[in-house]
Amino acid sequence: MDDLNPPNSMLEFLKGVGLAIALYLVIYAGLWVALYTADLVAFVLTGVPNSSFTRQLYQLWLFGIFAFGLVQWLYVLPVAWWLQGEGKVWWVRGLVAIAIVVSLLNGLAFWQPGLLPMV
């Protein structure tokens, strides 16, 4: 039997897709928690809601969202390399396929903002 094309390769590919989606959800949730924690700390230290520091944090967070297509590779590639070392080739293919789609959509939203309306 060929190791690169197991009989359940579609299931393995979908597991990689699910892993990618789970990574994105964890990263987004972590960014929100970090942002709100920093906002709370800034409010406690300064006593000023929506201070200039907080606005700078929001701008940094928005830049992170816009640069998400590039930044995601900082955590997708190590996971892909680890999975490759474990011999889970189809997981890697699913993970990288979703990462490429997210990068392309992010680039499209950045360069043509009217093309993909935000909900």
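Counting from 1, the numbers follow the sequence of the chain as shown.
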Where do [X] and [Y] come nearest, in terms of heavy atoms and distance?
X   : Y   : answer
Q84 : V89 : NE2-CG2, 4.3 Å
L83 : L19 : CD1-CD2, 3.6 Å
W73 : P78 : O-CD, 3.9 Å
E12 : W91 : OE1-NE1, 2.5 Å
Y24 : A99 : OH-CA, 3.2 Å

Applying the 4.5 Å side-chain criterion to the ILVMFWY set and letting contacts propagate, would [X] and [Y] be lumped into a single cluster?
X   : Y   : value
L35 : V41 : no
V26 : V96 : no
Y36 : L45 : no
V33 : L23 : no

Whichever hydrophobic residues join L11 through chains of side-chain contacts under 4.5 Å: none
Other ILVMFWY residues reachable from V44 by side-chain steps of under 4.5 Å: L40
Test applied, side-chain contact (heavy atoms from CB on, under 4.5 Å); reference residue, L104; option that passes from V101, V102, I100: I100
Value rounded to 0.5 Å, distance of CD1 in I98 from CZ in R93: 15.0 Å
Spacing of W82 atom CH2 and K88 atom NZ [to the nearest 0.5 Å]: 5.5 Å
F43: partners by ring-ring contact (aromatic ring centres under 6.0 Å, His included), with sequence neighbours left out: none
side-chain contact (heavy atoms from CB on, under 4.5 Å) between V17 and L95, worked out: CA-CA 5 Å; V17 168; L95 177 70; over 6 Å; no
